[in-house]
Amino acid sequence: MILDDLPTLAVASAAAFGLALLSAVAGFGGGVLLLPVFTALFGLRVAVPMLTLTQVSSNAFRGWLNRRELHWRLIGWFALGAVPLAVAGGLLLAHAPLGPLKRLLGVFLIGVVVWRRRNPRPRKPAEQTFAAVGAASGLGSALLGSVGPLTAPFFLAYGLTRAAYIGTEAVSALTMHLSKIAAYGTGDLITSRVLLFGAALTPATLAGAWVGRKIVGRTSDRVFVVLVEAGLVAAGVLFLLGL
């Protein structure tokens, strides 16, 4: 690694640690907030595949930490929709208009929180619903880098909280991110610099996930849901602002 990259790597590592910790506590949010940081440092077309590499390590580690609480049937249905749409979105990344899609997603996320507050006990979605959730998430994530907040309302409505929610969401997302990497590689977006920084940021993301796991074990279900909803609103605002 050349010396000129070290200051950039230090900033990126600090951001990756803090936002991996956030993801480990709320189940999502790190990717949404990390994307603007990576975009400022590297540019959008480099930031999205680089973010995907850091999310692979973070999600894999969160899944392993919560492996005893995983809901494998939900993961399977999610992957059924996510994998093909993530590949398609990865191939479209170089040409898609990202701004309007981000703002539409921001409106959706804020609307979901309002709806949940008006309907505190929503009907439990069927397992098969997660194929559609995975498809929407796979396409959006491939184009925008991260749409973790999109899946949160559905996992919450299914009744998952804390370790079950965080682990199941993480492994579901992992199937999507691995598919995106394959598509980015086909489109020549996985360069040697992307691989170098992705590998260098892995220790920071693993450390953040481990610290966050310690915090979430002391959080009540009620506080956990409030944290997730607050994250949904924050992510929605960021998308509306085009960040």
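Owing to the predicted nature of the structure, the values given are computational and were not obtained by experimental measurement. Hydrogens, waters and symmetry mates play no part in the numbers below; they use all other heavy atoms, side chains included.
Rounded to the nearest 0.5 Å, atoms CG (Leu160) and NZ (Lys124) are 8.0 Å apart. Note that CG of Leu74 and CD of Glu169 are 12.0 Å apart. Values are rounded to the nearest 0.5 Å. In this structure, the separation between CG on Leu53 and CD1 on Ile181 is 4.5 Å, given to the nearest 0.5 Å.
The shortest heavy-atom contact between Asn66 and Gly167 is CB-CA, 3.7 Å. Closest approach of Leu85 and Ala135 over heavy atoms only: CB-O, 3.4 Å. In terms of heavy atoms, Glu69 sits closest to Ala163 at CG-CB, 3.7 Å. Thr175 and Ala79 get closest at one heavy-atom pair: OG1-CB, 3.7 Å. The nearest pair of heavy atoms linking Glu127 to Tyr158 is OE2-OH, 3.4 Å. Of all the heavy atoms in Ala170 and Gly63, the pair that sits closest is CB-N, 3.9 Å.
Legend: residues meeting ring-ring contact (aromatic ring centres under 6.0 Å, His included) with Phe155, ordered by chain and number and at least two apart, are Phe130. Taking the side chain to side chain donor-acceptor pair (under 3.5 Å) definition, one finds that Arg67 meets it with nothing, sequence neighbours left out. For Ser13, the side chain to side chain donor-acceptor pair (under 3.5 Å) test picks out no residue, with sequence neighbours left out.
When atom types are taken as modelled, the side chain of Thr168 and the backbone of Ala164 share a donor-acceptor pair closer than 3.5 angstrom.
Ile75 and Val83 are not part of a single hydrophobic cluster, where members link through side-chain heavy atoms under 4.5 Å apart. Criterion: ILVMFWY side-chain heavy atoms under 4.5 Å apart, direct or through other members. Under it, Ile166 and Leu70 are not part of a common hydrophobic cluster. Side-chain heavy atoms closer than 4.5 Å link hydrophobic residues (I, L, V, M, F, W, Y) into clusters, and following such links, possibly through other members, connects Phe78 to Phe154.
No side-chain heavy atom of Arg62 sits under 4.5 Å from any side-chain heavy atom of Val171.
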Please step through side-chain contact (heavy atoms from CB on, under 4.5 Å) for the pair Leu174 and Val56, ending with a clear verdict.
CA-CA 6 Å; Leu174 181 61; Val56 166; 4.0 Å; yes
